[in-house]
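Numbered from 1 within each chain, the chains take letters A, B, ... in sequence-line order.
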2 protein chains.
Amino acid sequence: MAVTLADVAARAGVSSATVSRVLNGNYPVAGSTRERVQRAVEDLDYVVNGQARGLAAATSDLVGVLVNDVADPFFGLIASAVQAEISDPSAPGGGKLAVVCNTGGSPEAELTYLTLLERQRAAGVVITGGAVEGAEHSAAVAARLARLAESGTRIVLCGRPPLEQPAMEIPVTTVAFDNRGGARRLTEHLLSLGHRRIGYVAGPADRTTTRHRLEGHRAALADHALPSTGPAVDRLTVHGPYDRSSGYDAALELLRREPALTAVIAANDTVALGVCAAVRDQGLSIPDDVSVAGFDDLPFSVDTAPALTTVRIPLQEAGARAGRLVMGRQAPPPGGLATIRTELMVRASTARPRAGSA
Amino acid sequence: MAVTLADVAARAGVSSATVSRVLNGNYPVAGSTRERVQRAVEDLDYVVNGQARGLAAATSDLVGVLVNDVADPFFGLIASAVQAEISDPSAPGGGKLAVVCNTGGSPEAELTYLTLLERQRAAGVVITGGAVEGAEHSAAVAARLARLAESGTRIVLCGRPPLEQPAMEIPVTTVAFDNRGGARRLTEHLLSLGHRRIGYVAGPADRTTTRHRLEGHRAALADHALPSTGPAVDRLTVHGPYDRSSGYDAALELLRREPALTAVIAANDTVALGVCAAVRDQGLSIPDDVSVAGFDDLPFSVDTAPALTTVRIPLQEAGARAGRLVMGRQAPPPGGLATIRTELMVRASTARPRAGSA
DNA sequence: CTGTTAGCGCATTCAC
DNA sequence: GTGAATGCGCTAACAG
């Protein structure tokens with residue numbers, strides 16, 4: 001069916017070995033024969049068979065990118081940056097293809113996709129987003145990663161903490177986000193405005209990202225000598241998935257539990273949109289009655305009304321870096337861990353609470 | 001290095017052919033030997049080599065998904081739906097991996113990625129988003145698609161018109177969007193509210209999507225006996241890329257050209273965000289001074305303030321359908337073309353123009 | 001039902 | 001510099 005190396009060789013009057021050499025350009029070949037081969041390639045519209053090449057040379061043009069969901073801008077931005085970086089044909093080892101896998105945050109799906117990528121002998125894997133906490137699952141993932149790493153697959157974690165103790169031998173590079181610090185500065189901002197009754201809409205309960213952001217929040221509360229543990233705080237905390245409707249429901253619940261709430265922090269910007277909608281639907285104004293803040297600084301956050309106060313994560317830069325690392329094009333950071341700074345973006349959705357309401 | 005079929009065979013005391021058979025389950029194998037093999041597979045943690053399998057069986061687990069940019073929610077939603085659909089392991093032929101390629105709308109990049117996917121002998125390719133108009137490029141793409149189709153790669157176009165005349169022999173299924181009809185209904189909505197001076201921020205000049213939406217807009221104008229061609233209309237039309245800043249700049253330009261503008265239609269919702277920002281920055285109110293409308297109904301559009309009037313495209317459904325088609329899991333529509341309906345979503349960003357201003 | 005035998009298309013020793 | 005031979009790991013006839 002398709003034209004093969006042998007066809008090209010026949011047409012150029014050389015052996016297939018020679019064709020292979022000019023194609024890969026890593027062996028000396030006489031200029032004249034090289035030209036003849038190249039012409040034959042063009043004449044026949046020859047396209048190498050990646051599978052055969054991969055099998056023979058034990059290489060692969062694929063890089064896996066695990067995300068919760070590419071439709072979520074948070075992951076879309078990272079995936080886009082990774083893809084752009086690895087496919088750059090001018091870079092050494094470039095021209096790789098990105099295999100995007102939606103795990104939906106499910107540990108099982110994560111393992112399934114890692115196996116699928118191992119099956120393809122992927123050149124690298126970038127795992128993005130927070131991890132599900134739990135020893136069993138961590139161990140299972142670590143085991144798969146160990147196998148992958150052993151077979152030469154480069155592994156980069158992006159937006160997730162490094163592997164835990166027993167798995168630290170595995171050569172994995174991590175690009176982590178400073179979720180804790182960002183959350184802390186965000187809460188400090190609200191506290192300094194005078195807020196004291198702050199609702200917190202956290203993400204799914206067993207995720208590292210959720211925990212870190214919550215820890216930052218509570219650290220800020222503790223700094224201000226406010227209760228940071230116990231029922232008083234738990235009462236103002238609601239968990240839910242990372243979507244708009246979750247934010248909507250959570251905000252209603254928080255307002256029910258504490259009608260005198262003056263501020264709400266959301267797990268991320270998408271959730272914050274739902275919170276805003278709920279607050280408005282209750283006839284309350286933002287930020288006059290209730291301040292609202294998000295996390296991530298997704299592109300739309302500057303265009304909500306009022307513009308959303310949030311914590312910026314340079315997702316694009318982080319993804320690009322992860323892409324370079326997984327290509328081995330950039331030296332890993334010391335200790336294999338780079339922590340990306342986050343930045344508080346103060347906008348119009350947060351303000352001082354009404355006089356007398358604090 | 002890695003454990004192979006032969007290793008499993010040795011361990012199970014059978015031939016490698018038998019192992020292959022139980023793995024693929026398409027040949028009768030005795031229950032007892034099957035169990036023995038399966039145990040060996042587990043013991044050795046065997047994972048098939050996809051490249052070798054693909055080479056031997058002339059198959060592939062990859063499906064290419066060409067998008068402008070996955071970070072753009074429009075494409076992210078489609079890509080996500082395609083991915084989910086093709087990776088479903090329970091479906092026949094399922095468990096495929098999605099190779100996401102950002103073309104940035106560039107014809108050259110599109111061709112490059114199609115070649116890369118041909119190299120991988122992809123099982124299918126989904127090409128999303130509007131096409132660049134132009135005979136040369138269309139022909140080049142058609143040629144590549146013909147080669148791909150001939151080699152058994154299923155091809156689906158999603159959000160782009162079908163192939164033109166000379167290439168119609170190529171077996172390609174198209175899931176098109178009714179951009180023209182949607183744009184027409186949107187403009188009719190504004191006209192019926194009483195708007196007569198409507199600015200139009202169009203997308204990049206040489207894209208099918210841009211043209212179709214513009215055509216729908218002008219058809220509506222013509223229906224109302226308003227000028228639909230010529231300098232009067234051109235004056236109220238500005239072209240630009242599909243991003244926020246483009247919308248911002250375009251809105252300023254339109255307001256400069258026609259300060260008495262009462263409405264602006266944007267190429268899509270992202271552009272509309274920029275338009276809204278510009279309008280507000282000019283001290284004008286939406287919709288009291290100027291109505292603004294978008295296109296696509298991206299998730300954030302319901303949460304802008306005021307909520308954006310727009311034309312909904314069921315991107316998720318379209319992507320899922322494209323995914324099923326590319327897997328051959330759903331019969332192609334008659335004529336190979338399915339046109340997805342679009343729906344006008346009237347929200348708060350459009351209203352009657354100020355009395356006397358019409 | 002199962003083992004044997006050939007390739008799939010290419011990279012890569014090893015000779016020349 | 002170039003060709004011939006071997007094998008990557010697996011599937012698919014072909015026998016039995």
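Counting any heavy atom pair closer than 4.0 Å across all strands shown, Val14(B) reaches sugar-phosphate atoms only and no base atom. Note on Leu5(A): only backbone sugar-phosphate atoms sit closer than 4.0 angstrom, heavy atoms only; bases stay farther off. Contact annotation for Thr33(B): backbone-only contact, meaning every heavy-atom pair under 4.0 Å involves sugar-phosphate atoms and none involves a base.
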Quiz: residues 56-64 of chain B side-chain donor-acceptor pairs under 3.5 angstrom, not counting sequence neighbours:
from: Ser60(B); atom 1: OG; to: Leu62(B); atom 2: N; distance (Å): 3.0
from: Ser60(B); atom 1: OG; to: Arg121(B); atom 2: O; distance (Å): 3.4
from: Asp61(B); atom 1: OD2; to: Gln120(A); atom 2: NE2; distance (Å): 3.1

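Comparing atom distances between the Leu55(B) side chain and each of dC8(C), dC10(D), dC8(D) picks out dC8(C) as nearest. Nearest to the side-chain atoms of Asn49(A) among the listed nucleotides dG9(C), dT2(D), dA13(D) stands dG9(C). Distances were taken from every side-chain heavy atom of Arg21(A) (C-beta onward) to each of dG9(D), dG3(D), dG9(C); the shortest belongs to dG3(D). Closest approach to the Ser20(B) side chain among dC10(C), dC8(D), dT11(D) is made by dT11(D) (side chain taken as heavy atoms from C-beta onward). When distances are taken from the side chain of Thr18(B) to each of dG9(C), dT2(D), dT2(C), the shortest belongs to dT2(C).
Looking only at atom types and distance, the side chain of Ser87(A) has a donor-acceptor partner in the side chain of Tyr113(B) under 3.5 Å away.
dT11(D) atom P lies 13 Å from atom CD of Gln51(B), rounded to whole Å. Per the geometry, CG belonging to Leu23(A) stands 16 Å off C1' belonging to dT2(D), to the nearest Å. With rounding to whole Å, Asp7(A) atom CG is found 13 Å from dC10(C) atom C1'. Counting to the nearest Å, the P atom of dC10(C) and the CG atom of Asn26(A) are 15 Å from each other. Atoms CZ (Arg53(A)) and C1' (dC8(D)) sit 15 Å apart, rounded to a whole Å. Nucleotide dA13(D) holds its P atom 6 Å from the OH atom of Tyr27(B), rounded to whole Å.
Nearest heavy-atom pair, Thr4(B) versus Asp7(B), reported as atom, atom and distance to 0.1 Å: N-OD2, 2.8 Å.
When each of Gly31(B) and Tyr46(A) is assigned the nucleotide of DNA chain C bearing its nearest heavy atom, the one mapping closer to the 5' terminus is Gly31(B). If Thr4(A) and Ala17(B) are placed on DNA chain C by their nearest nucleotide, the residue sitting closer to the 5' end is Ala17(B).
Between the side chain of Arg121(B) and the base of dG9(C), no donor-acceptor pair under 3.5 Å is found. Taking only distance into account, the side chain of Arg34(A) never meets the base of dG1(D) through a donor-acceptor pair shorter than 3.5 Å.
The CD1 atom of Ile155(B) lies 6.5 Å from the OG1 atom of Thr153(B); values are rounded to the nearest 0.5 Å. Taking CD of Gln330(B) as the reference point, atom CG of Leu325(B) lies at 5.0 Å (rounded to 0.5 Å). Atom CG of residue Asn102(B) and atom CG of residue Asp69(B) lie 4.5 Å apart, to the nearest 0.5 angstrom.
At dT2(C), none of the side-chain N or O atoms of Ser15(B) fall inside 4.0 Å of OP1 or OP2 (strictly under the cut-off).
Heavy-atom neighbours of Glu169(B) CD from other residues, nucleotides or ligands within 6.0 Å: at or below the threshold of 12.
Counting only heavy atoms from C-beta outward, the side chains of Leu23(B) and Tyr46(B) approach each other to under 4.5 Å.
Comparing the start and finish of the helix from dC1(C)-dG16(D) to dC16(C)-dG1(D), five pairs each, the helix axis swings through 30°, to the nearest 10 degrees.
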